[in-house]
Amino acid sequence: MTTVFDLAIVGGEIFGCLAGDEAARRHPEWRVLLLDRCAPAAGATGWSLAADIPFGLSPAHHRLIAESERQWGRLAGSRAAGLVRRLPILYVVGRDRLPALQEQLGRRRLRQADAAEFEPVRRMLPDVTIREHEILVTHDEPGAVLPPREFVAELIGSGPMAANTSLRSDRCVAAGAWRPCARA
Ligand SMILES: Cc1cc2nc3c(=O)[nH]c(=O)nc-3n(C[C@H](O)[C@H](O)[C@H](O)COP(=O)(O)OP(=O)(O)OC[C@H]3O[C@@H](n4cnc5c(N)ncnc54)[C@H](O)[C@@H]3O)c2cc1C
């Protein structure tokens, strides 16, 4: 028997799953084939912290950051939002580097962090010191992290919150059984 798919995606990790999810949202009638030679999130995705750090050196980076913000915003409306952890970001920077850092952060406005904001860092890294020519800064919009393995499981429809995702197992056919990849 021959099965015809409307879209085949090779690589079932974060980008493959997001591409499949996007396709399933835009074209609910499509059958999507998601192919991977390993287990979900066994590659780069599984190693990643999946941290959202809004830091860019060029206009192209800033366009990527804007797209990333759009995608994180989309997550906020899904059940996978429960996996997102918002985290404040602190930077130790030379005072003379402050204008350059501000430019790299785009619309997020830097401000001096206070002692209470530094306290969790001091607890984790007791040897950290801020030298005289340096300053500790932050911005009010936090960054974010999520557990990539759980997130991918949600996207392919096998996670505990997956009932609401668009890339359901009845619409997304994973070719063969996913098996763990040997790690180098
Ligand atoms: C240690 C570490 C930390 C990171 N931290 C961050 C972070 O904090 N924030 C961030 O944004 N990014 C981070 N990254 C980068 C991020 O993990 C990658 O950019 C992202 O996971 C890439 O996802 P992907 O889906 O494109 O590729 P991958 O996750 O590499 O997935 C590719 C998939 O394709 C499959 N595949 C490849 N070839 C074939 C084939 N021929 N047939 C079938 N299947 C195939 C592989 O098995 C794999 O499952 C980090 C990366 C590492 C390694």
Side-chain angles (χ1 to χ4, degrees), residues 3-26 30-78 80-93 101 104-108 120-121 124-125 137-139 141-159 161-162 165-169 171-184:
T3 307
V4 177
F5 292 91
D6 300 285
L7 175 68
I9 299 169
V10 180
E13 299 233 25
I14 193 85
F15 286 113
C17 287
L18 281 172
D21 186 58
E22 183 86 26
R25 279 169 203 271
R26 290 189 195 190
W30 277 13
R31 278 178 66 77
V32 178
L33 175 68
L34 190 64
L35 290 158
D36 202 293
R37 60 188 174 186
C38 297
T45 299
W47 289 101
S48 166
L49 184 62
D52 171 30
I53 301 170
F55 184 87
L57 295 175
S58 69
H61 288 164
H62 286 286
R63 284 196 295 278
L64 278 176
I65 290 168
E67 174 57 19
S68 167
E69 283 174 353
R70 193 181 74 78
Q71 295 290 344
W72 282 89
R74 208 186 74 175
L75 272 185
S78 78
L83 296 170
V84 177
R85 295 282 168 272
R86 291 280 163 194
L87 290 177
I89 306 179
L90 295 163
Y91 308 82
V92 178
V93 60
L101 178 63
Q104 286 158 2
L105 284 164
R107 64 179 181 76
R108 286 174 169 81
V121 182
M124 278 186 293
L125 304 166
V137 288
T138 187
H139 39 72
E141 259 181 84
V145 291
L146 58 78
R149 289 204 175 94
E150 286 84 341
F151 181 60
V152 164
E154 290 304 321
L155 286 174
I156 62 173
S158 64
M161 300 188 292
T165 63
S166 52
L167 196 65
R168 303 266 295 273
S169 52
R171 304 249 319 285
C172 149
V173 178
W178 254 313
R179 62 186 167 75
C181 256
R183 284 190 171 164

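Whatever order the structure lists them in is the order used to number ligands and atoms, beginning at 1.
Between V93 and V137, the shortest heavy-atom contact is CG1-CG2, 3.9 Å. Here the shortest heavy-atom pairing between L101 and F55 reads CD1-CE1, 3.2 Å.
Proximity to G11 (heavy-atom distance under 4.0 Å) selects the following atoms of ligand 1: 33 (C), 34 (O), 35 (C). Under a 4.0 Å criterion applied to the non-hydrogen atoms of W47, ligand 1 contributes the atoms 1 (C), 2 (C), 3 (C), 53 (C).
Within the 4.5 Å cutoff, side-chain heavy atoms of H139 are placed close to those of I89.
Contact annotation for A50 and ligand 1: only backbone heavy atoms (N, CA, C, O) come within less than 4.0 Å of the ligand.
Counted within 6.0 Å of CZ on R70, heavy atoms from surrounding residues, nucleotides or ligands total more than 12; the atom is thus considered enclosed.
The nearest non-hydrogen atom to atom 27 (O) of ligand 1, considering only T45, D52, L64, comes from T45.
Applying the salt bridge (Lys or Arg N to Asp or Glu O under 4.0 Å) rule to R107 yields the partners E69, E141; only residues at least two apart in sequence or on another chain are considered.
Taking any N or O of V10, backbone or side chain, none lies under 3.5 Å from an N or O belonging to ligand 1.
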